[in-house]
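Since the structure comes first, as structure tokens, the remarks are kept for the end.
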Amino acid sequence: MTADAELAAVPPAPILKDLTDENITENTVIINNQSRDRRLKYIMERLVTHLHEFARETRLTTDEWLTGIAFLVQCGKISSDVRHEFVLLSDVLGLSCLIDSMDHPKPKNATIATILGPFHAEAGEFENGDSICSDGKGEQCLIRASVKDTQGRPLEGVSVDIWETDSTGHYDTQYDGATADCRGIVKTDAEGQIWLKAIRPVPYPIPHDGPVGKMLEHLGRHPFRPSHVHFKLVKDGYDPLVTALYLKGDPYETTDAVFGVKSQLLIEIDRVTDPAMAARYGVNLNDWLIEYDFVICTEAEAAELKAESSRKYLAAKGLKLDLIDGLPVADLD
Ligand code: BEZ
Ligand code: FE
């Protein structure tokens, strides 16, 4: 269809009427309904309905609304290629955590996902045994992990992307003109294993010198995350796993500013006590040791779970909607 024909095919707009706090929602929904994209139509209909209901319920004032707009402007102003204030906002509101778990449901025996955060960046490729940290100040920590499928079979050639802060609690991207550090990608070997030298993770505050930090302050919340290392596991045919391992007993374990901690991802950090192990991995006795067995599921397993959870949710709400790719969509009028 040409652009002109497409425009001509758009249904007529609703007739003009006096818009009030009672009918503005219906009218906005009608006018948005001209879209031919069923998913977009559904998302916009729900967004407008909930947004308007939020304003009605809170009796939102013009001043409060303008304060909200000014806050978003500040978020935009401080944002850059490396400063992702809107990701932070989504994280501290618990929205990232909610969306991640809905979008990447995992079978019971697979490793659970958690938030990506704003500090994932391009990383170099490393070989098993390499060190990904050059700051030389942290406490050396051997990371040893296996990757299996949900049937327990080791998976070769999984790309394992690892990132963490340096010993001062800063990611490389937080330094002016910095180069990649404390991050790297390694592929699993024929036994589905990876091992790298890194540093013992430390707790750190999320960037809190901007509007999101101010918001936390107003809410009486601290900006800290418990000690953790991030992982992103990717292999063709498998649902990407974005996750992290958290040190058990960290002071911020139960009050993570961004709600990333899950009990399945809490680990005891050990020491390398076996001289044979130290020799095999080229580390020192008493270096720290993080070990974990990851299990990833196939795209098909994840897609089935996602559709099932959409169906369950809609049924519980008494809603009858078509699903496309496991997601609810609006009817086309
Ligand atoms: C992180 O763990 O890298 C992170 C996550 C959310 C907000 C800030 C940092
Ligand atoms: Fe982090």
Side-chain angles (χ1 to χ4, degrees), residues 71 74-76 78-101 103-104 111-123 132-133 135 138-139 141 143 145 160-175 178 180-185 196 198-217 219 221-233 240-248 250-262 264-267 269 288 290 292 294:
F71 172 80
Q74 291 310 315
C75 288
I78 203 172
S79 293
S80 70
D81 285 352
V82 290
R83 175 72 185 240
H84 301 290
E85 197 73 2
F86 288 101
V87 177
L88 287 181
L89 179 58
S90 164
D91 294 341
V92 302
L93 293 177
L95 185 62
S96 310
C97 171
L98 168 64
I99 292 173
D100 279 349
S101 54
D103 199 30
H104 294 279
T111 306
I112 202 163
T114 189
I115 57 170
L116 175 74
F119 292 117
H120 180 252
E122 228 164 85
I132 57 168
C133 298
D135 84 344
E139 299 177 57
C141 177
I143 298 180
V160 181
D161 190 346
I162 302 180
W163 67 105
E164 64 171 337
T165 68
D166 63 15
S167 57
T168 72
H170 295 89
Y171 284 94
D172 52 2
T173 55
Q174 293 178 279
Y175 294 104
D181 200 7
C182 296
R183 64 178 76 241
I185 299 176
L196 284 174
I199 57 165
R200 182 191 161 116
V202 294
Y204 66 87
I206 64 169
H208 57 109
D209 55 343
V212 170
K214 273 212 188 83
M215 185 184 92
L216 291 181
E217 215 177 291
L219 292 171
R221 285 173 56 178
H222 71 70
F224 281 87
R225 296 220 65 204
S227 313
H228 61 275
V229 185
H230 297 266
F231 294 83
K232 181 175 180 189
L233 278 61
L241 171 65
V242 174
T243 193
L245 298 177
Y246 296 88
L247 302 196
K248 214 178 253 178
D250 186 282
Y252 301 105
E253 181 182 311
T254 56
T255 59
D256 182 4
V258 295
F259 311 105
V261 181
K262 304 186 181 195
Q264 196 203 81
L265 303 174
L266 283 170
I267 52 155
I269 190 163
W288 294 103
I290 288 178
Y292 202 77
F294 293 101

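Count residues from 1 along the sequence. Counting starts at 1 for both ligands and their atoms, in listed order.
Of all atoms in ligand 1, numbered sequentially from 1 with element shown, those under 4.0 Å from a heavy atom of His230 are 1 (C), 2 (O), 3 (O). Close contacts of ligand 1 with Leu88, meaning ligand atoms under 4.0 Å from a residue heavy atom, involve 7 (C), 8 (C). Listed by number with element, the atoms of ligand 1 under 4.0 angstrom from any heavy atom of Phe119 are 3 (O), 9 (C). Counting atoms of ligand 1 from 1 in the listed order, those under 4.0 Å from a heavy atom of Tyr171 are 1 (C), 2 (O), 3 (O). Near Ile206, the atoms of ligand 1 lying under 4.0 angstrom from a non-hydrogen atom of the residue are 7 (C), 8 (C), 9 (C).
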Legend entry - side-chain contact (heavy atoms from CB on, under 4.5 Å) assessment of Leu266 paired with Val261: CA-CA 7 Å; Leu266 283 170; Val261 181; 3.8 Å; yes
Inset, instruction - Show your reasoning for whether side-chain contact (heavy atoms from CB on, under 4.5 Å) applies to Phe224 and Asp250. - result: CA-CA 11 Å; Phe224 281 87; Asp250 186 282; over 6 Å; no
Inset, instruction - Would you please test Asp256 and His228 for side chain to side chain donor-acceptor pair (under 3.5 Å) and show each step? - result: CA-CA 11 Å; Asp256 182 4; His228 61 275; over 6 Å; no
Legend entry - Thr114 and Gln264: CA distance, side-chain angles, deciding distance, side-chain contact (heavy atoms from CB on, under 4.5 Å) verdict: CA-CA 11 Å; Thr114 189; Gln264 196 203 81; over 6 Å; no
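A pairwise comparison of heavy atoms in Arg183 and Ala121 identifies NH1-N, 3.0 Å as the closest pair. Heavy-atom minimum distance, Arg200 versus Cys141: N-CB, 3.5 Å. Smallest separation of non-hydrogen atoms from Val229 and Pro201: CG2-CG, 3.7 Å.
Distance alone, capped at 3.5 Å, is enough to place a donor-acceptor pair between the Ser79 side chain and the Cys75 backbone.
In this structure, Trp163 falls outside the shell of residues with a heavy atom less than 4.0 angstrom from ligand 1. The shell of residues lying under 4.0 angstrom from ligand 1, judged by heavy atoms, includes His228. Under a 4.0 angstrom heavy-atom cut-off, Phe259 registers as lying outside contact with ligand 1.
The closest non-hydrogen atom to atom 7 (C) of ligand 1, taken over Val87, Leu89, Asp91, comes from Asp91.
Atom 5 (C) of ligand 1 has its closest protein heavy atom at Gly117 CA, 3.5 Å. Nearest protein heavy-atom contact of atom 3 (O) of ligand 1 is Tyr204 OH, 2.9 Å. Of all protein heavy atoms, the one lying nearest to atom 9 (C) of ligand 1 is Pro118 CD, 3.4 Å.
At least one N/O/S atom of Tyr204, from backbone or side chain, sits under 2.8 Å from the Fe ion (ligand 2).
Between His230 and Phe119, the ring center distance fails the sub-6.0 Å criterion.
In terms of distance to the Fe ion (ligand 2), the nearest N, O or S atom of His230 is named NE2.
The Fe ion (ligand 2) is the vertex of the angle joining NE2 of His228 and OH of Tyr171, which measures 120° to the nearest 10°.
Note: Ile290 CD1 to Leu245 CG = 6.5 Å, rounded to the nearest 0.5 Å.
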